[in-house]
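Read the structure below first, then the notes.
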Amino acid sequence: MKLLDLVLTAVTVLSVTVVIAYVGLAYDTGLFTVLPEPVTAFFLRNGSLQWVALAVLVVGLIGKTLVGRMLKQHRPQPTRS
């Protein structure tokens, strides 16, 4: 379960980076303006990736919430002696 939480964290960070990069591109600032052209060309040719990244972000955040709740429920309770 903890591994799934780590994977969801990585997916969330990656998708947030892509979404913010596309938003920055609209305002001529951000990640896509400083990276070399061969790297950004793929993203600029495939503009629909911003919507895929946004969908993955939403699903990742929902999944992270659910996994967090499950981890809380399965956390061993301290015993008093």
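Worth saying up front: this structure is predicted, and the values here are computed from it rather than measured.
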message = Would you say that Leu49 contacts Phe42 through its side chain, given a criterion of any heavy-atom pair below 4.5 Å between the two side chains?
response =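 Side-chain contact under 4.5 Å: yes.
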request  = State, with a plain yes or no, whether a side-chain heavy atom of Thr12 is found less than 4.5 Å away from one of Leu61.
outcome  =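 Touching, per the 4.5 Å side-chain cut-off.
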inquiry  = To check you understand the geometry: which heavy-atom pair defines the closest contact between Ala53 and Ser15, and what is its length?
reply    =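 Closest approach of Ala53 to Ser15: O-CB, 3.4 Å.
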request  = Rounded to the nearest 0.5 Å, what's the gap from CH2 on Trp51 to CG on Asn46? Could you check?
outcome  =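 Interatomic distance, Trp51 CH2 to Asn46 CG, rounded to 0.5 Å: 15.0 Å.
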ask   = Do the side chains of Leu14 and Val59 join up, straight or via other hydrophobic residues, at under 4.5 Å, putting them in one cluster?
value =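 They do not share one cluster, since no chain of ILVMFWY contacts under 4.5 Å joins Leu14 to Val59.
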ask   = Can you get from Val67 to Ile62 by hopping between Ile, Leu, Val, Met, Phe, Trp and Tyr side chains that sit under 4.5 Å apart?
value =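 Val67 and Ile62: separate clusters.
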request  = Look at atom CG of Asp28 and say whether more than 12 heavy atoms of other residues, nucleotides or ligands are closer to it than 6.0 Å.
outcome  =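 Not more than 12 within 6.0 Å, no.
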task = Go through Leu44 and Leu25 one step at a time and tell me if the side chain to side chain contact (heavy atoms under 4.5 Å, CB included) criterion holds.
result = CA-CA 9 Å; Leu44 297 178; Leu25 184 64; 3.1 Å; yes
message = Assess the residue pair Leu71 and Lys2 against the criterion (side chain to side chain contact (heavy atoms under 4.5 Å, CB included)); give the C-alpha distance rounded to whole Å, side-chain angles, the decisive distance to 0.1 Å, and a yes or no.
response = CA-CA 8 Å; Leu71 284 173; Lys2 288 183 181 183; 4.1 Å; yes
ask   = Do Thr9 and Lys64 have a side chain donor and acceptor closer than 3.5 Å?
value =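 Per modelled atom types, Thr9 and Lys64 side chains form a pair under 3.5 Å.
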message = Run the side chain to side chain contact (heavy atoms under 4.5 Å, CB included) test on Leu54 and Tyr22 for me, step by step, so that the C-alpha distance in whole Å, both residues' side-chain angles and the decisive distance to 0.1 Å come before the verdict.
response = CA-CA 10 Å; Leu54 185 60; Tyr22 274 110; over 6 Å; no
request  = Say whether, by atom type as modelled, one donor and one acceptor occur between the side chain of Gln50 and the main chain of Gly47 under 3.5 angstrom.
outcome  =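 Judged by distance alone, yes, a pair lies under 3.5 Å.
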